[in-house]
Amino acid sequence: MDCYWYNEERNLGTILSVGIVNFHELVHAVDIPALGDGHRTLGEGLATYLGSITRSDSVVAQFPERFLAMLTESPKPSDYPVAMHFVGSLWVRWGAEKFMQLRREMPADATLDQFASVFASVYDVPLDAALSQMTVPLSGQLIPLGCGDGVEQIFWDGDKSTEAYLRGECGDPGFVGGGFVGDFMGFGKTFTIDLPQAGYYRIAVTAPEGAPPSFSMDGCPDIDAVSIASALDGRWEGILYAGRHALSVAFPQAPEPKGEAHLKMEWLGPLGSP
């Protein structure tokens, strides 16, 4: 599991993660030393809201009942999107300062009645009334690497296909790595690419020699449909949608923290084509 551990006496925090980059745990690493461990529903809701692109569309229906049932069960949330929708709704309506006050004043083990009492004292609104007004779906506020500016862009320079040589080394924007561990990919780099149209695509990422790089491609938050591709062997075929995508390439093991690969993407046809 991914987690954040904080030693208050030493003022030392540690993130444990199976991924190289984990923004959810990075939010904890800022929040917990500043405001304390506190009530887990508030903490996990905040980390999900600020550290992910999670959407709350699926939890808006019967949200008050779902939130109260989850809170009654335990201070630790069993449904992170529900916790995120609560925190995000507070953040949007009343701002960060009020939420931080709630974080500071809420006991870590607050029962439902205690939670409702502290909430009303901070926001001057009954908890039930506030929950009933949280009807607008929200998105997590993270802008994923490759969806904004600042990383290398791959340009779509053909009619139905594009090719590019991908190079990365320590110091490049978007280049990250955990080092050389066994047979795992040691380093990778994230690129930006704007796909011209929705349809069926074929992707091949190859290396000059040795094992093929693995890669993943994720549509950025402004793409309404789910647009994602992932391959451990460097080859993938399927549906992608128009718009900006973040392409993350994991380079094969090498003596130094750098790598290179060749990308070929082909647009095979529109949606609905055989």
Side-chain angles (χ1 to χ4, degrees), residues 1-4 17-31 39-71 73-74 76-96 98-100 102-103 119 127 130-149 151 190 192-195 197-199 201 216-230 236 238-248 271:
M1 292 180 61
D2 299 332
C3 66
Y4 172 73
S17 174
V18 298
I20 294 175
V21 180
N22 191 315
F23 291 100
H24 179 105
E25 302 303 335
L26 284 171
V27 175
H28 285 318
V30 175
D31 174 49
H39 197 282
R40 291 291 298 278
T41 289
L42 299 180
E44 298 298 348
L46 179 68
T48 307
Y49 181 59
L50 296 182
S52 78
I53 57 173
T54 300
R55 291 187 58 87
S56 66
D57 306 64
S58 63
V59 307
V60 172
Q62 299 181 321
F63 170 72
E65 295 86 348
R66 295 180 64 171
F67 181 79
L68 293 173
M70 184 179 73
L71 203 60
E73 181 182 348
S74 171
K76 180 180 180 180
S78 57
D79 192 331
Y80 279 25
V82 169
M84 185 208 80
H85 185 72
F86 177 73
V87 171
S89 298
L90 297 180
W91 195 280
V92 169
R93 181 173 178 184
W94 282 290
K98 276 285 188 182
F99 177 78
M100 288 192 290
L102 182 69
R103 275 277 285 109
F119 180 89
L127 178 61
L131 294 175
S132 67
Q133 296 170 6
M134 296 179 180
T135 57
V136 179
L138 300 171
S139 295
Q141 296 299 291
L142 176 68
I143 300 176
L145 187 66
C147 291
D149 297 324
V151 301
T190 298
T192 290
I193 184 168
D194 296 323
L195 300 188
Q197 55 188 316
Y201 284 82
S216 64
M217 177 179 284
D218 296 279
C220 293
D222 59 349
I223 297 178
D224 291 335
V226 176
S227 191
I228 184 170
S230 180
W236 180 89
I239 294 173
L240 292 170
Y241 293 87
R244 175 152 293 189
H245 289 67
L247 173 66
S248 298
L271 297 178

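Both backbone and side-chain heavy atoms feed into the values below; hydrogens, waters and symmetry mates do not. For this chain, numbers begin at 1 and follow the sequence in order.
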ask   = For Leu138, does its backbone N or O pair with a side-chain atom of Ser56 as donor and acceptor, under 3.5 Å?
value = yes
Value rounded to 0.5 Å, distance of OG1 in Thr54 from CG in Leu142 = 9.5 Å
query = Does atom NZ of Lys98 have more than 12 heavy-atom neighbours from other groups under 6.0 Å away?
reply = yes
ask   = With a 4.5 Å heavy-atom cut-off, do Leu90 and Met134 have their side chains touching?
value = yes
key: Phe86 side chain reached by Leu131 side chain, heavy atoms, under 4.5 Å   = yes
request  = Check the pair Met217, Ile228 against side-chain contact (heavy atoms from CB on, under 4.5 Å), reporting the backbone distance first and the verdict last.
outcome  = CA-CA 5 Å; Met217 177 179 284; Ile228 184 170; over 6 Å; no
ask   = Would you say the side chain of Phe99 lies within less than 4.5 Å of the side chain of Leu42, judging by non-hydrogen atoms?
value = yes
message = Any side-chain to backbone donor/acceptor pair from Glu25 onto Phe23? Under 3.5 Å, distance only.
response = no
key: Sub-4.5 Å side-chain heavy-atom contact between Ile239 and Leu271   = yes
key: From CD1 (Ile53) to SG (Cys147), nearest 0.5 Å   = 7.0 Å
key: Verdict with reasoning, Leu46 to His28, per side-chain contact (heavy atoms from CB on, under 4.5 Å)   = CA-CA 8 Å; Leu46 179 68; His28 285 318; over 6 Å; no
inquiry  = Between Ser227 (side chain only) and Tyr241 (backbone N and O only), is there a donor and an acceptor less than 3.5 Å apart?
reply    = yes
query = Given side chains that start at C-beta, do those of Asp31 and Met100 come closer than 4.5 Å, heavy atoms only?
reply = no
request  = Heavy atoms only: give me the nearest Phe63-Val82 pair and the separation to one decimal.
outcome  = CE1-O, 3.5 Å
query = Should Arg66 and Asp79 count as an ion pair when the cut-off is N to O under 4.0 Å?
reply = yes
ask   = When rounded to the nearest 0.5 angstrom, what is the spacing between OG1 in Thr41 and CD in Glu73?
value = 10.0 Å
key: Test log, rule side-chain contact (heavy atoms from CB on, under 4.5 Å), inputs Leu68 and Leu127   = CA-CA 10 Å; Leu68 293 173; Leu127 178 61; 4.1 Å; yes
ask   = Which pair of non-hydrogen atoms, one from Leu102 and one from Phe119, has the smallest distance, and what is that distance?
value = CD1-CA, 4.0 Å
task = Using distance alone, with no hydrogens and no angle criterion, decide if Thr190 and Ser248 have a side-chain donor and acceptor under 3.5 Å apart.
result = yes
ask   = Just how far is it from atom SG of Cys220 to atom CG of Asp194, taken to the nearest 0.5 Å?
value = 8.0 Å
Nearest atoms (heavy-atom pairs only) where Gly148 meets Ile143 = N-CG2, 4.0 Å
query = Does Ser216 reach the side chain of Asp218, with side-chain heavy atoms less than 4.5 Å apart?
reply = yes
remark   = Shortest non-hydrogen pair, Arg55 vs Met84, comes out as C-CE, 4.3 Å
ask   = Nearest heavy-atom pair of Val151 and Gly146: which atoms, and what distance?
value = CG2-CA, 3.8 Å
remark   = Heavy-atom closest pair (Asn22 atom, Ser17 atom, distance to 0.1 Å) is ND2-OG, 3.3 Å
message = Quick check: do Leu195 and His245 have side-chain heavy atoms less than 4.5 Å from each other?
response = yes
message = Can you confirm whether Asp149 is buried at CG, in the sense that more than 12 heavy atoms of other residues, nucleotides or ligands lie under 6.0 Å from that atom?
response = no
ask   = Taking side chain as C-beta onward, heavy atoms only, is His24 less than 4.5 Å from Thr48?
value = yes
